[in-house]
Amino acid sequence: MTDLNEVFDFIDHERDDVRKMATQGLAQHSKDNTTLTEILRTDKEKAAKLVSLVSPKNVPVLGDVLTTLINVSGDATVVEVLTESNLLEKLMRLLDGLQHVDNTPAPVVGALQELTLMLLNNMTASHICAAEDLLQ
């Protein structure tokens with residue numbers, strides 16, 4: 001658990017390459033990872049750090065962040081924490097903002113939009129409040 005906690009110290013690092021390695025590591029280890037799920041369930045600050053990267057300004061790490069969030073969004077408690085961190089609002093803004101990202105190839109934009117929709121689907125399927133927030 002300590003190793004994953006340490007990764008969160010680097011996901012908002014000022015250097016792009018450090019952020020990329022940290023988010024890539026989370027994405028690679030997020031599938032069925034009960035430790036990561038527990039961290040996000042109990043530490044709202046770490047969840048908020050991850051959610052803060054959901055922005056069209058963070059295209060280099062966005063695929064990894066969305067993959068991580070998709071993999072942990074099967075847990076309703078984690079979805080509740082993510083919803084409290086305004087993830088749904090950020091995802092809706094992301095869908096709109098990806099249309100206007102300069103210098104990003106169309107296939108990359110399409111893949112990021114697909115990941116965003118997958119995450120929205122997972123969140124609304126596992127937590128009723130997320131579905132209600134999305135409808136509003």
Side-chain angles (χ1 to χ4, degrees):
M1 190 160 173
T2 307
D3 294 340
L4 279 176
N5 275 313
E6 291 173 3
V7 172
F8 281 90
D9 294 335
F10 297 104
I11 65 171
D12 59 352
H13 197 273
E14 71 250 4
R15 285 183 36 198
D16 292 339
D17 61 330
V18 173
R19 261 194 328 271
K20 180 64 177 171
M21 286 188 298
T23 56
Q24 224 170 18
L26 280 177
Q28 290 171 352
H29 298 288
S30 62
K31 184 78 172 148
D32 298 323
N33 190 321
T34 56
T35 303
L36 179 59
T37 302
E38 184 63 25
I39 289 170
L40 294 174
R41 184 184 303 135
T42 59
D43 193 331
K44 293 181 181 186
E45 186 176 308
K46 285 185 173 68
K49 260 187 177 185
L50 196 57
V51 169
S52 73
L53 295 175
V54 176
S55 167
K57 297 175 186 175
N58 294 317
V59 168
V61 298
L62 197 51
D64 297 320
V65 171
L66 292 171
T67 298
T68 300
L69 292 170
I70 287 167
N71 287 336
V72 299
S73 64
D75 184 292
T77 312
V78 172
V79 171
E80 184 176 344
V81 171
L82 295 173
T83 301
E84 289 171 5
S85 297
N86 296 320
L87 179 58
L88 287 170
E89 182 182 327
K90 290 181 83 68
L91 291 171
M92 297 307 292
R93 278 190 268 138
L94 177 64
L95 280 173
D96 184 50
L98 284 172
Q99 304 280 336
H100 311 290
V101 176
D102 295 332
N103 301 322
T104 303
V108 172
V109 170
L112 292 173
Q113 288 172 327
E114 187 174 328
L115 288 171
T116 303
L117 291 171
M118 288 172 62
L119 179 54
L120 282 168
N121 181 59
N122 284 3
M123 290 183 69
T124 56
S126 65
H127 196 272
I128 190 68
C129 290
E132 291 172 357
D133 287 353
L134 181 64
L135 290 173
Q136 288 179 3

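Counting from 1, the numbers follow the sequence of the chain as shown.
Without hydrogens or angle criteria, Asp75 side chain to Val78 main chain gives a donor-acceptor distance under 3.5 Å. For Asp43 (side chain) and Lys46 (main-chain N/O), a donor-acceptor pair under 3.5 Å exists by modelled atom type. Of the possible donor and acceptor atoms, none in the side chain of Arg19 sits under 3.5 Å from a partner among the backbone N and O of Ile11.
Closest of all the heavy-atom pairs between Glu38 and Arg41 is OE1-NH1, 2.5 Å. What you find for Leu36 and Ser30 is that their closest heavy atoms are CD2-CB, 3.6 Å. Residues Leu94 and Ser55 approach most closely at CD1-C, 3.7 Å, considering heavy atoms. When every heavy atom of Gly63 is checked against every heavy atom of Leu112, the shortest pair comes out as N-CD2, 3.6 Å.
Residue Met21 is not grouped with residue Leu4 when hydrophobic side chains (ILVMFWY) are merged at heavy-atom distances under 4.5 angstrom, including chains of intermediate members.
Residues Leu62 and Leu53 form no side-chain contact, since every pair of their non-hydrogen atoms from C-beta on lies 4.5 Å or further apart. Put simply, the side chain of Leu117 does not reach to within 4.5 Å of the side chain of Leu91, judged on heavy atoms. Contact check for Asp16 versus Pro60: no side-chain heavy atoms found under the 4.5 Å cut-off. No side-chain heavy atom of Leu69 sits less than 4.5 Å from a side-chain heavy atom of Met123. Leu40 places none of its side-chain heavy atoms less than 4.5 Å from the side chain of Val81. Using a 4.5 Å heavy-atom cutoff, the side chains of Asn71 and Asn122 are not in contact. For the pair Leu26/Phe10, no side-chain contact is recorded, criterion being any heavy-atom separation below 4.5 Å from C-beta on. Looking at Leu82 and Leu50, their side chains never come closer than 4.5 Å, going by heavy atoms from C-beta outward.
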What verdict does the side chain to side chain contact (heavy atoms under 4.5 Å, CB included) test give for Asn58 and Val65, after you've listed the backbone C-alpha separation in whole Å, the side-chain angles of each residue and the deciding distance to 0.1 Å?
CA-CA 10 Å; Asn58 294 317; Val65 171; over 6 Å; no
Evaluate side chain to side chain contact (heavy atoms under 4.5 Å, CB included) for Leu115 paired with Thr67, printing each intermediate quantity in order.
CA-CA 7 Å; Leu115 288 171; Thr67 298; 4.3 Å; yes
One pair to check against side chain to side chain contact (heavy atoms under 4.5 Å, CB included): Ile39 and Thr35. What are the steps and the verdict?
CA-CA 6 Å; Ile39 289 170; Thr35 303; 4.2 Å; yes
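Checked for salt-bridge contact, Lys49 and Glu45 miss the test: no charged N lies under 4.0 Å from a carboxylate O.
For the atom pair CE of Met118 and OG of Ser73, the computed distance is 8.5 Å after rounding to the nearest 0.5 Å. In this structure, CG on Asn86 lies 12.0 Å from OG on Ser52, to the nearest 0.5 angstrom. From Leu88, atom CG reaches atom NZ of Lys90 across 12.0 Å, with rounding to the nearest 0.5 Å. Rounded to the nearest 0.5 Å, atoms CG (Leu120) and CG (Leu95) are 6.0 Å apart. A distance of 10.0 Å separates OG1 in Thr116 from CE in Met92, rounded to the nearest 0.5 Å.
Sorted by first and then second residue, the salt bridge (Lys or Arg N to Asp or Glu O under 4.0 Å) pairs with a member in residues 55-66 read Lys20-Asp64; sequence neighbours excluded.
The 12-atom threshold is exceeded at CD of Gln28, counting heavy atoms of other residues, nucleotides or ligands nearer than 6.0 Å.
Annotation: side chain to side chain donor-acceptor pair (under 3.5 Å) contacts of Gln113 (sequence neighbours excluded): none. Annotation: salt bridge (charged side-chain N to carboxylate O under 4.0 Å, His left out) contacts of Asp96 (sequence neighbours excluded): none.
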